[in-house]
Amino acid sequence: MPANHNPIRVRFAPSPTGHLHVGGARTAIFNWLFARHHGGSFILRVEDTDQERSTRESEGMVLSDLRWLGLDWDEGPDIGGPWAPYRQSERRETYGGIAKALVSSGNAYPCFCTEEELDERRSATEHEGVAPHYDLRCYRLAADDVAARIESGDAHAIRFHVPKESGESLDGDVTIDDLIRGKVTWKKETLGDFILVRSDGMPTYNFSVVVDDHLMAISHVIRAEEHLTNTHRQVLIYRAMGWETPHFAHVSLILGEDRSKLSKRHGATSVAAYAESGFLPGAMFNYLSRLGWTSAEEREFFPIDYAVKHFSLDRVNAAPAVFDQNKLTWLNGQHIHQTAASALYEGLEARFRNAGWITSPVVSADARRWFEEAIEAVKKKVQRLDEFVDAMRFLFEFDPAQVLEANRTLLANRDTTSLLKDLVSELCETGAPSSVAEYKALTEQLKSASGLKAKELFMPIRIALTGADHGPDLQRIFALLEKGSSIEGLALPVEPALRRIEGVLNELRR
RNA sequence: GGCGCAUUCGUCUAGGGGUCCAGGACGCCGCCCUCUCACGGCGGUAACACGGGUUCAAAUCCCGUAUGCGCUACCA
């Protein structure tokens, strides 16, 4: 028996055919939020019955993508659980047994038609304007005929019989009360007999999903809208087995900018790609949970536990939603701004090393502290992790010739040259300012020496020092440069500020 | 084609008969803060798909149309 006796049990059932996509991620998040909000269980089940496309490697990727998002599960293929196994490919006997029961109760039958034959007959009837339903050929086979063909080893699928004529034991009409969409009804005429078990012995989605959801005691099936019309078939299987149906909630699809279903051609769609391009898991979670769901107070920016506390299916929107990179990026910025530099550093070290800024195999405590200061200095200017490298590049890379070339009008005039000369002599005399007081003293000194106003003073210094017309406070830049040059393991020269200004002056003299 | 679902600013959404000549957020524009760039603050731009009903009153209820999407597979 499971340790958790809460009857709320939901599952996320991905097909392992590549990285987790944002659509699947949102479905997983909604399920997880529902479970955590109600104190129920969240089960992970791998739907790998399509052997052509499923791989164990993909399964590993999907699991790690889910973990990256901050999700955890109570039962799953990697951790087991009371209803193991949690991989459908390992549950064939179970499906086989249920299929047999459906055949003996008269709700299903062996079908010997091959795929090619079916294709042929389908295309033959297509232009007659008739719904392309199975023609019931094998349903009408005589019992001993069937027995004989099975005896002789003829390959066959198992097909479910949708009750059509009055007098059949089940009604083919189905109404569900979807938690997001309300009542949805289908008429029996809509459906043809459909395959339960393929001729290779693998169950189809519509069959295995019912068997597993029932056997795993799933209370709420929360899944994407593309499965809504399949629910008709599934409910019929529940009825034929005499099983109670779970509650259904069909979440709308995520669309690309052109309002078609989000897919690879819309650009990055896997959560792994977003992780790589510098999105924080908390921001991804925040954005995806907000896509189609709002808390009663309509908060936009929130941590995971806020969503757990406030999540409710009642407030999930039935209309499809366009994936908006802009808003994701904004949210990611908000999350970065709120995250401590020490935490940000964790996700940034590899990027810094990659940029060649770290020269030692181990990062010393001093170096780490210095990086955290630098992160703090530029944090509010970035919206993605990868932008930190661009925002901090000026600290490590400086080419006087290039800087002059790009800013000749501003740097190559008499006032600026004498200002920079003054600055050099100040730096030689007192060293680079490392405190607010020293910095103030320096700028006061420069102001009186040059006679320039504050506004005219700072831009030439900024550019001669960083090469850019934007960046953190000059005072912080001096301090960072000064401190960093005395820390081992950082790719910084000694006296970087002085060298840079001198370098520019040298270029000016040429 | 048939069936199903959906339709409020460019986008995410609030709203569920009167409080809505429709509120919030992203984006965009302007202003303020400021040595710069950002952050932040303030303001602006912009929507009830269309047509019929029902009602004293409709973004909200009903019907139809249009559009989009999904399903209609021995994919999930």
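Chain A is the first sequence line, chain B the second, and so forth, proteins listed ahead of strands; every chain is numbered from 1. Keep in mind that what you see is a predicted model, and the values were worked out from it rather than measured. What's counted below: heavy atoms across the whole structure, side chains too, no hydrogens, waters or symmetry copies.
- Straight-line distance between the P atoms of B:C71 and B:A76: roughly 13 Å, to the nearest whole Å.
- Residue contacts for A:Arg233: at a heavy-atom cut-off of 4.0 Å it reaches the sugar-phosphate backbone alone, with no base atom in range.
- Mapping A:Thr49 and A:Arg315 onto RNA chain B via the closest heavy atom, the residue that lands nearer the 5' end is A:Arg315.
- Annotation: B:G40 and B:U55 have their C1' atoms spaced 49 Å apart (nearest Å).
- Heavy atoms of A:Arg299 sit nowhere under 4.0 angstrom from any nucleic acid atom.
- In this structure, A:Gln338 reaches neither bases nor backbone, as no heavy-atom distance under 4.0 Å exists between it and the strands shown.
- Closest to the side chain of A:Thr229, out of B:C71, B:A6, B:A76, is B:C71.
- For the P atom pair drawn from B:A58 and B:G16, the interatomic distance equals 16 Å after rounding to whole Å.
- When the P atom of B:U36 is taken as reference, atom NZ of A:Lys380 falls 17 Å away, rounded to whole Å.
- Counting only N and O atoms by type, the side chains of A:Gln325 and A:Tyr274 include a donor and acceptor under 3.5 Å apart.
- Among the protein residues, A:Ser15 comes within range of the sugar-phosphate backbone only, with heavy atoms under 4.0 Å from sugar or phosphate atoms but none that close to a base.
- Within the nucleic acid shown, A:Arg181 comes within 4.0 Å of sugar-phosphate atoms alone, with no base atom in reach, counting heavy atoms only.
- When the P atom is used for both B:U60 and B:A14, the distance is 16 Å, rounded to whole Å.
- Listed candidates were B:G40, B:G70, B:U7. Nearest to the side chain of A:Ala319 is B:U7.
- Using a 4.0 Å cut-off between charged side-chain N and carboxylate O, A:Glu120 and A:Arg122 make no salt bridge.
- Taking atom P in both B:G68 and B:G23, the straight-line distance is 30 Å, to the nearest Å.
- Note: CG (A:Leu255) to P (B:G70) measures 8 Å, nearest angstrom.
- Rounded to a whole angstrom, the distance from the C1' atom of B:U19 to that of B:G4 is 37 Å.
- At whole-Å resolution of the value, CG in A:Asn326 and P in B:C29 are 12 Å apart.
- OP1 or OP2 of B:G4 has not a single side-chain nitrogen or oxygen of A:Thr190 nearer than 4.0 Å.
- Annotation: B:C33 and B:A47 have their C1' atoms spaced 33 Å apart (nearest Å).
- In this model, a side-chain donor or acceptor of A:Glu298 finds a partner on the base of B:G23 within 3.5 Å.
- Here the C1' atom of nucleotide B:U34 and the NZ atom of A:Lys381 are 11 Å apart, to the nearest Å.
- Geometrically, A:Arg11 does not engage A:Phe42 in a cation-pi contact defined by less than 6.0 Å to the ring centre and at most 45° from the axis.
- Picking from B:U11, B:C35, B:C74 the nucleotide with the shortest atom distance to the side chain of A:Arg159 gives B:C74.
- Within 4.0 Å of A:Asn230, counting heavy atoms only, lies at least one base atom of the nucleic acid.
- With respect to the salt-bridge test (charged N to carboxylate O, under 4.0 angstrom), the residues A:Glu59 and A:Arg87 qualify.
- With a cut-off of 3.5 Å on both Watson-Crick or G-U wobble distances, the partner of B:C28 is given as B:G44.
- For A:Met459, taking side-chain heavy atoms from C-beta onward, the closest of the listed nucleotides B:G24, B:A76, B:U36 is B:U36.
- Regarding contacts with the backbone of B:C74, every side-chain N or O of A:Thr204 stays at 4.0 angstrom or more from both OP1 and OP2.
- Across all strands, A:Gly292 comes closer than 4.0 Å only to sugar-phosphate atoms, never to a base (heavy-atom distances).
- Contacts of A:His250 with the nucleic acid, taken as non-hydrogen atoms under 4.0 Å apart, are absent.
- Not one side-chain nitrogen or oxygen of A:Gln325 sits closer than 4.0 Å to the OP1 or OP2 atom of B:C12.
- For the pair A:Gln383 CD and B:C26 P, the computed distance is 11 Å after rounding to whole Å.
- What separates CZ of A:Arg476 from P of B:C37 is a distance of 17 Å, to the nearest Å.
- B:G10 and B:C48: their C1' atoms are spaced 16 Å apart (whole Å).
- Counting any heavy atom pair closer than 4.0 Å across all strands shown, A:Leu118 reaches a base atom.
- Side chains of A:Asp193 and A:His133: a donor-acceptor N/O pair is absent below 3.5 angstrom, by distance only.
- At the heavy-atom level, A:Cys113 lies under 4.0 Å from base atoms of the strands shown.
- Across all their heavy atoms, A:Glu438 and A:Ser434 have their closest contact at OE1-N, 3.1 Å.
- Of all nucleotides present, only B:G70 satisfies the Watson-Crick or G-U wobble test against B:C3, with each distance under 3.5 Å.
- Counting to the nearest Å, the P atom of B:U13 and the CZ atom of A:Phe301 are 20 Å from each other.
- Of the candidates B:C35, B:G10, B:C5, the closest approach to any side-chain atom of A:Phe458 belongs to B:C35.
- As judged by a 4.0 angstrom heavy-atom cut-off over every strand, A:Thr114 is placed among the base-contacting residues.
- Note: A:Trp293 and A:Phe30 fail the aromatic proximity criterion, with ring centroids not under 6.0 Å apart.
- Just one of A:Asp212, A:Thr49, A:Thr204 meets the side chain to side chain donor-acceptor pair (under 3.5 Å) condition when paired with A:Tyr95; it is A:Asp212.
- One can place CG of A:Leu253 at 13 Å from C1' of B:A76, the figure rounded to the nearest angstrom.
- Between B:A14 and A:Asn317, a contact under 4.0 Å exists linking OP1 or OP2 to a side-chain N or O.
- Checking A:Glu47 against A:Lys187, the closest nucleotide of RNA chain B that is more toward the 5' end is the one next to A:Lys187.
- Applying the 4.0 Å criterion to OP1 and OP2 of B:U67, one finds that A:Arg259 has every side-chain N and O outside that range.
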